[in-house]
Amino acid sequence: NAGVTQTPKFQVLKTGQSMTLQCAQDMNHNSMYWYRQDPGMGLRLIYYSASEGTTDKGEVPNGYNVSRLNKREFSLRLESAAPSQTSVYFCASNLAAYNEQFFGPGTRLTVL
Amino acid sequence: AQRVTQPEKLLSVFKGAPVELKCNYSYSGSPELFWYVQYSRQRLQLLLRHISRESIKGFTADLNKGETSFHLKKPFAQEEDSAMYYCALSPGSSNTGKLIFGQGTTLQVKP
């Protein structure tokens with residue numbers, strides 16, 4: 001099992017460009033999450049999907065959209081990238097609330 | 001407001017010394033609390049959770065509701081413990097599995 005996979009690993013964008021970060025899990029988990037990691041701020045939840053077909057905002061949703069494509073896949077879209085979105089993005093999943101979350105390897109995004 | 005605070009950005013100790021990574025939380029209900037660890041070039045992974053009351057890799061953490069703390073302790077640090085440690089809280093009332101992370105503490109164990 002690959003666990004949680006994320007693509008791409010690295011990305012450089014110019015301000016105003018758009019892109020989609022992909023996340024997939026092969027553990028048959030119900031819930032999936034997108035976090036961003038910034039120095040001195042820990043991980044902050046952007047959006048989450050408690051189950052297939054549902055998505056909800058987290059702590060820092062502005063500038064992002066998500067799609068829970070199916071049970072396996074949960075994508076994060078930046079419609080118009082801004083330098084403030086330079087960060088490392090982590091996808092995670094778990095079987096149910098309060099269970100251990102399993103994390104992907106991360107995507108390092110730089111917006112110039 | 002729900003918040004997790006890890007007051008130390010960096011904790012540096014010598015091998016064999018005791019370690020305590022501090023975590024304080026702000027939450028009015030009954031939270032679920034976790035410690036996650038990120039070793040160099042590895043994924044973030046669960047170290048332990050308070051509900052399990054277990055010791056992992058020699059680490060323990062006790063939930064102190066009176067002091068709203070969940071400090072991580074190990075009596076004798078090893079070099080392989082060097083990593084970034086995150087304390088995290090899952091609000092008990094939300095049932096969504098959301099995690100609120102602290103800022104993280106880098107533990108550096110010197111030989």
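Quick caveat, the model's predicted, so the values are computed rather than measured.
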> Mind telling me whether B/Phe59 and B/Tyr85 have parallel, tilted or perpendicular rings, with 30° and 60° as the class edges?
tilted

> Please evaluate residues B/Ser12 and B/Gln108 with respect to the criterion side-chain hydrogen bond (donor to acceptor under 3.5 Å, both in side chains), reporting the C-alpha separation (whole Å), side-chain torsions for both, the decisive distance (0.1 Å), and the verdict.
CA-CA 5 Å; B/Ser12 186; B/Gln108 181 184 74; 3.0 Å; yes

> What class does the angle between the rings of A/Phe103 and A/Tyr35 fall in, given that below 30° is parallel, 30 to 60° is tilted and above 60° is perpendicular?
tilted

> Quick check for you: among B/Gln103, B/Arg43, B/Lys9, B/Gln42, which has the greatest number of heavy-atom pairs under 4.5 Å with chain A?
B/Arg43

> For residues A/Phe74 and A/Thr55, report the shortest heavy-atom separation together with the two atoms involved.
CE1-CG2, 4.0 Å

> For the interface with chain B, which of A/Gly40, A/Gly3, A/Pro105, A/Ser51 has the highest count of heavy-atom pairs at distances below 4.5 Å?
A/Pro105

> Measure A/Phe102 against the heavy atoms of chain B and call it side chain, backbone, both or neither at under 4.5 Å.
neither

> Where does B/Ile100 contact chain A at under 4.5 Å (heavy atoms): side chain, backbone, both or neither?
neither

> Can you say whether A/Leu43 sits under 4.5 Å from chain B via the side chain, the backbone, both, or neither, judging by heavy atoms?
both

> Could you look at B/Gln38 and say if it's the side chain, the backbone, both or neither that has a heavy atom under 4.5 Å from chain A?
side chain

> Side chain to side chain contact (heavy atoms under 4.5 Å, CB included), that's the test. Do B/Leu107 and B/Asp81 meet it? Break it down for me.
CA-CA 7 Å; B/Leu107 175 62; B/Asp81 295 329; 4.1 Å; yes

> Measure A/Gln37 against the heavy atoms of chain B and call it side chain, backbone, both or neither at under 4.5 Å.
side chain

> If the test is side chain to side chain contact (heavy atoms under 4.5 Å, CB included), which one of B/Leu48, B/Asp62, B/Thr105, B/Thr60 qualifies with B/Leu72?
B/Leu48

